[in-house]
*Asks:* 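The structure that follows is given in the form of structure tokens.
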Amino acid sequence: MADLVGLAEAIAAHVHDGDTVALEGFTHLIPFAAGNEIIRQGRRDLTLVRMTPDIVYDRLIGAGCARKLVFSWGGNPGVGSLHRMRDAVQNQWPAPLEIEEHSHAGMAVRWQAGASGLPFGILRGYVGTSLPFHTDTIANVTCPFTGEDLMAVPALNPDVGIIHAQQADRAGNVMMWGITGVQKECVLASTRAIVTVEEVVDAFEPHVNGVVLPSWVIDSVCVVPGGAHPSYAAGYSERDNPYYESWDPISRERESFEQWLAEEVMA
Amino acid sequence: MADLVGLAEAIAAHVHDGDTVALEGFTHLIPFAAGNEIIRQGRRDLTLVRMTPDIVYDRLIGAGCARKLVFSWGGNPGVGSLHRMRDAVQNQWPAPLEIEEHSHAGMAVRWQAGASGLPFGILRGYVGTSLPFHTDTIANVTCPFTGEDLMAVPALNPDVGIIHAQQADRAGNVMMWGITGVQKECVLASTRAIVTVEEVVDAFEPHVNGVVLPSWVIDSVCVVPGGAHPSYAAGYSERDNPYYESWDPISRERESFEQWLAEEVMA
Amino acid sequence: MTDPTYTSDDIMTIVAARALEPAAVTFVGIGLPSTAANLARVTTNPDCVLIYESGCIGSKPVRLPSSIGDGVLADNADAVIAVPEIFAYWLQAGRIDIGFLGAAQIDKHANLNTTVIGPYESPKVRLPGAGGAPEIAANCRRVIVTLRHSPRAFVEKVDFITSFGYGNGGDERDKLGLRGGPTDVITDLGVLQPDPVTKELVLTAVHPGVTIEQVQAATGWDLKTSSSIVETAAPTAGEMAALTALRNA
Amino acid sequence: MTDPTYTSDDIMTIVAARALEPAAVTFVGIGLPSTAANLARVTTNPDCVLIYESGCIGSKPVRLPSSIGDGVLADNADAVIAVPEIFAYWLQAGRIDIGFLGAAQIDKHANLNTTVIGPYESPKVRLPGAGGAPEIAANCRRVIVTLRHSPRAFVEKVDFITSFGYGNGGDERDKLGLRGGPTDVITDLGVLQPDPVTKELVLTAVHPGVTIEQVQAATGWDLKTSSSIVETAAPTAGEMAALTALRNA
């Protein structure tokens with residue numbers, strides 16, 4: 001049953017140095033506030049899992065929280081590069097960053113397998129590409145009925161999964177809607193789960209692609225209005241596209257990033 | 001793009017002798033009217049696929065439409081046996097009925113694989129049971145990462161998938177809600193798809209577990225109010241439990257069944 | 001049954017309801033398991049979470065459902081999801097505490113048969129088949145079984161293992177890597193539980209007015225009796241009232 | 001570009017929009033592909049179905065989306081679903097007619113690189129990576145690629161095959177069992193298409209005012225020219241107006 005607690009308390013309770021941590025959200029509902037709190041608490045040696053690292057992981061990587069990144073598309077959406085991620089991969093700054101690289105389809109299958117209690121999942125993917133030569137977590141598997149070769153990828157089962165949703169009810173159940181990405185799978189595949197929400201409501205209304213996660217699969221629910229900024233929460237906010245653009249100059253140089261970090265996160 | 005046509009026309013166009021046909025719907029939204037129309041049109045040698053054969057397949061089997069049944073639970077829910085199915089399995093009446101028997105979990109994975117364009121799916125299932133000794137479509141597969149043994153089942157890809165939904169819009173998109181079973185997967189896994197609906201509406205409203213299937217994955221949409229009776233369509237009707245009970249005496253003897261068939265379907 | 005105020009169905013249901021742990025996440029089959037689980041929910045166990053294979057999580061039906069996909073199971077549920085997800089994301093992933101199963105046959109090592117009496121290829125009686133049972137039996141932390149006692153139902157070896165209990169006993173279940181296993185077999189005469197080592201079902205409780213000999217006579221193998229056998233507490237007036245109210249809702 | 005009334009982005013977008021077939025189901029990436037697909041939708045191709053990897057099926061955005069998960073893609077969509085389903089049930093199952101991809105590098109046999117320039121372990125430039133591209137390239141009935149011409153972008157061999165085109169050419173793609181393949185590479189200078197047999201990209205169209213030599217100079221391999229090469233029709237006033245309206249919406 002989910003505790004309703006403050007974000008700092010939830011992160012302190014559930015995110016530890018060396019953990020594998022996933023903050024999911026596909027453009028929409030990215031748990032930025034939780035990411036900043038992990039930076040503030042000085043976590044180190046995290047393995048960060050996320051389909052699109054986005055600004056949220058550019059920050060964590062630049063702040064030195066990560067030792068490994070598991071991902072499938074690492075750009076600043078609509079803008080360009082993630083400079084802190086690039087600096088870590090190309091120049092090992094502020095620390096070497098091991099990468100484990102997949103496609104979106106592969107990561108989605110890995111999340112499904114993780115949520116399903118299976119050790120692996122299968123897909124028609126990666127065939128002919130260079131990815132299997134550089135990523136250990138891609139293997140062949142043969143269909144026992146047709147003899148056809150397919151690709152297998154191992155389940156994702158992080159220590160902690162963190163998402164942002166629109167609403168919780170008073171029992172600690174959580175509801176999100178609109179573009180919901182792999183967030184259900186992230187919560188169900190992770191050993192511990194934290195959900196930040198825009199607000200607590202008395203009862204949920206039906207929504208397009210409404211997804212409810214019951215309280216008893218969540219460890220902590222934290223009310224953090226705007227906790228997805230600069231991404232958005234449909235029904236509550238719009239994506240802050242100018243912010244995504246402004247991240248490019250902030251993150252381009254180590255100095256400007258560190259200044260931002262000191263002023264906007266650590267202050 | 002789905003044609004809006006009469007049910008007789010849709011069945012005549014898409015269901016042929018010898019086809020593999022699936023009428024899905026998990027207690028809720030069972031396409032009974034479509035099943036009766038298949039009987040009326042005298043189809044033969046069908047392979048019938050459905051998790052719970054229910055009364056809808058008891059009728060088709062008793063009417064001699066089927067040569068094979070692929071299923072996972074063959075009872076009259078809340079009442080007892082499916083007498084026509086039992087008579088076919090035990091006494092080959094009115095025709096021998098080959099059976100391919102799975103568990104619900106296995107059938108659900110088979111539907112998912114079929115909808116995903118994969119030749120097989122995997123699960124933790126059947127272990128220790130007698131099913132693998134009698135069902136060819138259960139095999140072992142080994143995880144290429146952990147070495148663990150799992151079970152594999154082949155995809156379901158019927159020639160025709162038929163479901164009942166609450167609503168279509170004027171573009172031929174279809175919406176169902178509430179308990180939706182494996183119906184989305186059934187439509188997506190089948191080569192051709194027919195959907196019967198309660199009514200056509202101008203626009204869909206959000207609903208709990210609302211599922212929309214776009215027009216272009218459906219071949220025919222047929223307006224058949226009450227087409228799920230004696231099962232039900234949430235928002236439109238209640239399950240007719242007395243009818244399920246009344247089916248027991250109707251179906252128990254060949255004579256009473258044939259009389260029912262002549263009076264209620266063929267008349 | 002010596003007490004005329006409750007039926008054998010009543011006591012099976014009430015004893016099964018008592019066996020549910022507080023706030024347990026319970027995967028419920030239709031019929032007696034559903035009645036028992038809802039009895040627990042409306043009486044002593046308001047926080048238990050009922051999950052139905054039709055895709056309903058946290059069902060709070062206002063009346064007893066007449067089928068596994070009854071609309072009342074969806075109406076007040078915490079979530080309603082597709083059937084493939086119920087089996088993969090919820091049952092298989094190990095999120096269920098208690099699975100609640102019936103059966104046509106059970107054997108000495110708690111293997112269950114709901115498929116066929118007699119040979120599979122030429123059955124004497126063709127039963128409904130597996131449904132959700134094999135994976136419920138495999139993936140829950142524990143399984144409670146309810147069925148009526150008779151020598152035809154309680155057999156040395158089931159004709160067909162639809163749902164694996166303990167196989168031939170001992171550590172066979174562990175070796176197959178399955179979770180949990182049947183912990184309670186609740187009948188109209190008493191309660192059987194597996195011996196911790198051999199996994200043979202032994203009689204651990206008899207219902208009021210039932211003798212050990214009666215149970216043994218209704219069991220198709222040489223039923224052993226636990227040294228700590230007890231008599232089931234008779235249904236209380238409160239339990240009976242709640243059960244009646246539930247059935248009439 | 002000799003015509004001052006349109007930019008190289010304009011003509012790439014307009015030519016790409018023209019390449020969409022009537023009512024095709026199109027899997028759309030963000031940026032130029034999305035602009036082109038929406039231009040087609042609001043002009044000549046109102047029935048084309050736009051699918052975005054964020055889970056939006058039949059998007060009808062009222063303005064151009066600024067990201068793959070922009071709320072306008074969900075607002076009027078026919079359906080919004082989870083990301084695993086988009087890839088498994090829709091893309092992998094072969095329901096998509098046209099995939100629309102960009103790239104940082106493309107080679108002679110239409111293999112695409114969006115992962116890394118230089119060696120993978122010590123990259124010269126680390127690019128965003130695969131995203132949805134490998135499976136879009138593998139599973140659509142055909143693929144349209146848009147990118148700007150330069151010798152660094154159009155190379156003999158890509159440093160990393162993120163998305164498979166035709167490998168080393170010939171029947172290599174068929175042998176791998178992949179659907180479709182790239183049919184049109186639309187650049188700011190012209191259009192390249194694979195030779196039917198060798199699958200080597202050859203120049204089949206040049207945009208107005210562009211010479212074959214200009215295109216060859218901007219290509220990092222010895223670019224062959226189709227015997228039936230044509231000049232692209234210049235953007236019409238109507239196309240330009242629609243594009244401008246779309247961008248300003």
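Labels below follow one simple rule: chain letters A, B, ... track the order of the sequence lines, proteins then strands, and each chain is numbered from 1.
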*Asks:* Of the listed residues (B:Asn76, B:Leu131, B:Val211), which shares the most heavy-atom pairs with chain C below a 4.5 Å separation?
*Replies:*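 Most heavy-atom pairs under 4.5 Å with chain C: B:Leu131.
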*Asks:* Can you confirm whether more than 12 heavy atoms, excluding those of C:Asn248, are under 6.0 Å from its CG atom?
*Replies:*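 Yes, because the 6.0 Å sphere around CG of C:Asn248 holds more than 12 heavy atoms from other groups.
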*Asks:* Do B:Leu82 and C:Arg126 have side-chain heavy atoms sitting under 4.5 Å apart?
*Replies:*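 They are not in side-chain contact.
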*Asks:* Could you look at B:Val208 and say if it's the side chain, the backbone, both or neither that has a heavy atom under 4.5 Å from chain C?
*Replies:*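 For B:Val208, the contact with chain C is made by the side chain alone.
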*Asks:* When heavy-atom pairs shorter than 4.5 Å are enumerated against chain B, which of C:Pro134, C:Ser67, C:Ala137 gives the highest number?
*Replies:*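 Counting heavy-atom pairs under 4.5 Å, the top option is C:Ser67.
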*Asks:* What part of C:Asn139 gets within 4.5 angstrom of chain B, counting heavy atoms only: side chain, backbone, both, or neither?
*Replies:*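 For C:Asn139, side-chain heavy atoms alone lie under 4.5 Å from chain B.
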*Asks:* Sort out for me which of B:Gly78, B:Gly181, B:Gly178 touches chain C most, counting heavy-atom pairs under 4.5 Å.
*Replies:*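 Sorted descending by pairs with chain C, the first entry is B:Gly181.
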*Asks:* Side chain, backbone, both or neither: which part of B:Met107 has an atom under 4.5 Å from a heavy atom of chain C?
*Replies:*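 Neither; nothing under 4.5 Å.
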*Asks:* Which answer fits C:Glu172, side chain, backbone, both or neither, if we ask what part of it has an atom under 4.5 Å from a heavy atom of chain B?
*Replies:*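 No part of C:Glu172 comes within 4.5 Å of chain B.
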*Asks:* What part of B:Arg239 gets within 4.5 angstrom of chain C, counting heavy atoms only: side chain, backbone, both, or neither?
*Replies:*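 The side chain, not the backbone.
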*Asks:* So which atom in C:Val83 and which in B:Ala108 form the shortest heavy-atom distance, rounded to 0.1 Å?
*Replies:*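 That would be CG1-CB, 4.4 Å.
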*Asks:* Over all heavy atoms of both residues, which pair between C:Pro128 and B:Phe71 is shortest? Give the atoms and the distance, please.
*Replies:*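 For C:Pro128 and B:Phe71, the tightest heavy-atom pair comes out as O-CE1, 3.6 Å.
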*Asks:* Of all the heavy-atom pairs spanning C:Ala82 and B:Thr180, show the shortest one and how long it is.
*Replies:*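 It is CA-OG1, 4.3 Å.
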*Asks:* Please rank B:Gly106, B:Ser72, B:Ala105 by heavy-atom pairs under 4.5 Å with chain C and give me the top one.
*Replies:*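 Sorted descending by pairs with chain C, the first entry is B:Ala105.
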*Asks:* With a 4.5 Å cut-off on side-chain heavy atoms, are C:Phe160 and B:Thr129 touching?
*Replies:*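 Contact flag for B:Thr129/C:Phe160 side chains = no.
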*Asks:* Which residues satisfy the side chain to side chain contact (heavy atoms under 4.5 Å, CB included) test with C:Ala93, sequence neighbours excluded?
*Replies:*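 Scan of C:Ala93 (side chain to side chain contact (heavy atoms under 4.5 Å, CB included), adjacent residues dropped) gives C:Arg95.
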*Asks:* Does any backbone or side-chain atom of B:Tyr244 lie under 4.5 Å from a heavy atom of chain C? Answer side chain, backbone, both or neither.
*Replies:*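 Neither the backbone nor the side chain of B:Tyr244 comes within 4.5 Å of chain C.
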*Asks:* Do you know which of C:Pro123, C:Ala74, C:Gly167, C:Gly132 has the most heavy-atom pairs under 4.5 Å to chain B?
*Replies:*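 Looking at each option in turn, the highest pair count goes to C:Gly132.
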*Asks:* Side chain, backbone, both or neither: which part of C:Ile81 has an atom under 4.5 Å from a heavy atom of chain B?
*Replies:*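 Contact with chain B is through the backbone of C:Ile81 alone.
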*Asks:* Chain C: which of B:Gln183, B:Arg124, B:Lys184, B:His28 shares the most heavy-atom pairs with it under 4.5 Å?
*Replies:*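 Option with the top pair count is B:Arg124.
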*Asks:* Counting only non-hydrogen atoms closer than 4.5 Å, does B:Glu238 touch chain C with its backbone (N, CA, C, O), its side chain (CB onward), both, or neither?
*Replies:*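 Contact with chain C involves the side chain of B:Glu238 alone.
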*Asks:* When only pairs under 4.5 Å are counted, which of C:Ser66, C:Gly31, C:Ala88 shares the most heavy-atom pairs with chain B?
*Replies:*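 Greatest number of close heavy-atom pairs with chain B: C:Ser66.
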*Asks:* Does any heavy atom of chain C fall under 4.5 Å from the side chain of B:Glu148, the backbone, both, or neither of them?
*Replies:*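 Answer is neither: B:Glu148 stays 4.5 Å or more from chain C.
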*Asks:* Going from CD on B:Glu101 to OH on C:Tyr120, what distance comes out if it is rounded to the nearest 0.5 angstrom?
*Replies:*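 Answer for the CD-OH pair, B:Glu101 versus C:Tyr120, is 3.5 Å.
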*Asks:* With a 4.5 angstrom heavy-atom cut-off, which part of C:Thr162 approaches chain B: side chain, backbone, both or neither?
*Replies:*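 Just its backbone gets close to chain B.
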*Asks:* Would you mind checking which part of B:Ala234 comes under 4.5 Å of any heavy atom in chain C, side chain (CB onward), backbone (N, CA, C, O), both or neither?
*Replies:*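 B:Ala234 has no heavy atom closer than 4.5 Å to chain C.
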*Asks:* So, taking the atom named CD1 in B:Ile179 and the one named CG in C:Leu73, what distance separates them when rounded to the nearest 0.5 Å?
*Replies:*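 That separation rounds to 6.0 Å.
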*Asks:* Calculate, to the nearest 0.5 Å, the distance between atoms CH2 and CG belonging to B:Trp73 and C:Leu127 respectively.
*Replies:*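 If we round to the nearest 0.5 Å, B:Trp73:CH2 and C:Leu127:CG are 10.5 Å apart.
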*Asks:* Which one, B:Ser103, B:Gly75, B:Pro77, leads in non-hydrogen pairs under 4.5 Å with chain C?
*Replies:*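 The option with the most such pairs is B:Ser103.
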*Asks:* Contact between C:Ile86 and B:His104 at the side-chain level, heavy atoms closer than 4.5 Å - yes or no?
*Replies:*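 In short, these two side chains do not touch, never coming nearer than 4.5 Å.
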*Asks:* Before you tell me yes or no, could you show the steps for B:Leu123 and C:Glu135 under side chain to side chain contact (heavy atoms under 4.5 Å, CB included), namely the whole-Å CA-CA distance, both residues' side-chain angles and the distance that decides it to 0.1 Å?
*Replies:* CA-CA 10 Å; B:Leu123 74 158; C:Glu135 287 75 25; 4.1 Å; yes
*Asks:* Considering all heavy atoms of both residues, which atom of C:Asp70 and which atom of B:Thr27 are nearest to each other, and what is their separation?
*Replies:*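 Nearest heavy atoms, C:Asp70 then B:Thr27: N-CG2, 4.3 Å.
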*Asks:* Which bit of C:Val158 comes within less than 4.5 Å of chain B, counting heavy atoms only: side chain, backbone, both or neither?
*Replies:*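 It is neither, since no heavy atom gets under 4.5 Å.
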